[in-house]
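Here is the structure we will look at.
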Amino acid sequence: MVKTTGLSYSYGTEAGFSFPDIDLNPTEHLLILGPSGVGKTTLLYLMAGLLQPSKGNVFIDGTDISSLSRRQLDKFRGEHVGLIFQQYHFVNSLNVAENLKLRQSFPKKIDDKKRAMELAERLGLADHLTKKVSNLSQGQQQRLAIALGIIHQPKVIFADEPTSNLDDANCDTVIELLKEEATISKSSLVIITHDFRVKSHFKNQVTL
Ligand code: ADP
């Protein structure tokens with residue numbers, strides 16, 4: 001489902017990073033660990049096609065994403081990839097329900113209120129649907145980012161430190177939810193973290 005070969009990347013004149021190859025079948029998950037600054041987020045950005053590698057290739061569901069035009073890549077990512085980043089990409093002028101609805105409308109037009117409600121319920125956002133996102137707590141914003149990353153049932157979910165702002169109970173809930181969602185959609189889950197609470201939930205781990 002996700003495969004990388006010989007990936008390397010350099011920011012300008014810096015020495016750059018070389019990454020181990022990754023090969024995940026559908027429903028296989030991977031935890032990427034490592035200290036701050038080692039290149040975890042860079043690897044995730046490469047796998048999601050948000051950065052172009054200096055060398056190497058990324059395949060998602062058999063598609064070499066570097067063979068896609070910018071427009072094709074945007075569409076491909078919108079359909080098949082779920083992104084859960086530390087910097088949230090909300091529309092601040094919209095409320096929680098409207099943000100969820102908007103994510104369902106691109107690139108496929110899905111108007112599945114039941115799914116949006118179910119996710120909101122499971123992520124403890126059901127009582128906050130009419131709140132503007134700027135009025136949510138940090139933890140609620142993180143849980144909304146998670147809902148937006150999985151609402152369209154992507155083939156692969158990339159999550160960057162998805163539990164960093166969550167207490168222990170919410171941490172477990174979110175990891176279990178991500179695993180359940182991945183099972184339902186037969187997708188792969190790739191999580192980068194330095195949160196040791198997450199380690200025991202995954203058997204496949206790579207340390208950078
Ligand atoms: P991690 O997620 O493991 O903390 P990152 O991939 O975010 O690591 O960053 C690794 C290193 O790459 C940083 O310490 C920094 O030196 C460099 N870096 C990251 N983003 C940029 C950028 N946009 N421009 C230049 N250098 C960057």
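Counting starts at 1 for both ligands and their atoms, following the listed order. Computation of the quantities below employed the complete heavy-atom set of this structure, encompassing side-chain atoms and omitting hydrogens, waters and symmetry-equivalent molecules.
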Which donor-acceptor pairs under 3.5 Å do side chains of residues 146-158 form with protein atoms, sequence neighbours excluded?
residue: His152; atom: NE2; partner: Val81; partner atom: O; Å: 2.8
residue: His152; atom: NE2; partner: Arg103; partner atom: NH2; Å: 3.0
residue: Lys155; atom: NZ; partner: Asp61; partner atom: OD2; Å: 2.8

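- Atom 12 (O) of ligand 1 has its nearest heavy-atom neighbour, among Phe17, Tyr9, Tyr45, in Phe17.
- A distance-only check finds no donor-acceptor pair linking the side chain of Ser185 to the backbone of Ser187 [under 3.5 Å].
- A side-chain contact (heavy atoms from CB on, under 4.5 Å) with Met47 is found for one member of Ile60, Val190, Thr42 and no other, namely Val190.
- In this structure, atom 24 (N) of ligand 1 lies nearest to the protein heavy atom Tyr11 CD2, 3.5 Å.
- Judged purely by atom type and a 3.5 angstrom limit, Glu98 uses its side chain to pair as donor or acceptor with the backbone of Asn95.
- When side chains are defined from C-beta on, Glu181 counts as touching Arg122, because their heavy atoms get closer than 4.5 Å.
- No donor-acceptor distance shorter than 3.5 angstrom exists from the side chain of Asn92 to the backbone of Val133, with no hydrogens or angles considered.
- Ranked by closest heavy atom to atom 6 (O) of ligand 1, the top entry among Leu43, Thr42, Ile32 is Thr42.
- Protein heavy atoms are absent from the 4.0 Å sphere centred on atom 15 (C) of ligand 1.
- For the residues Val38, Leu208, Thr41, the heavy atom positioned nearest atom 2 (O) of ligand 1 is part of Thr41.
- Looking only at side-chain heavy atoms (C-beta outward), Asp172 and Asp168 stay at 4.5 Å or farther from each other.
- Applying the 4.0 Å criterion to heavy atoms of Ser36 picks out, from ligand 1, the atoms 4 (O).
- Checked against a 3.5 angstrom limit, the closest N/O atoms of Gly39 and ligand 1 fall inside it.
- Contact atoms of ligand 1 toward Pro35: 3 (O) (distance under 4.0 Å to a heavy atom of the residue).
- The distance from ligand 1 to the heavy atoms of Lys40 drops below 4.0 Å at these ligand atoms: 1 (P), 2 (O), 3 (O), 4 (O), 6 (O), 8 (O).
- Here the shortest heavy-atom distance to atom 10 (C) of ligand 1, taken over Gly12, Gly37, Ser10, belongs to Gly37.
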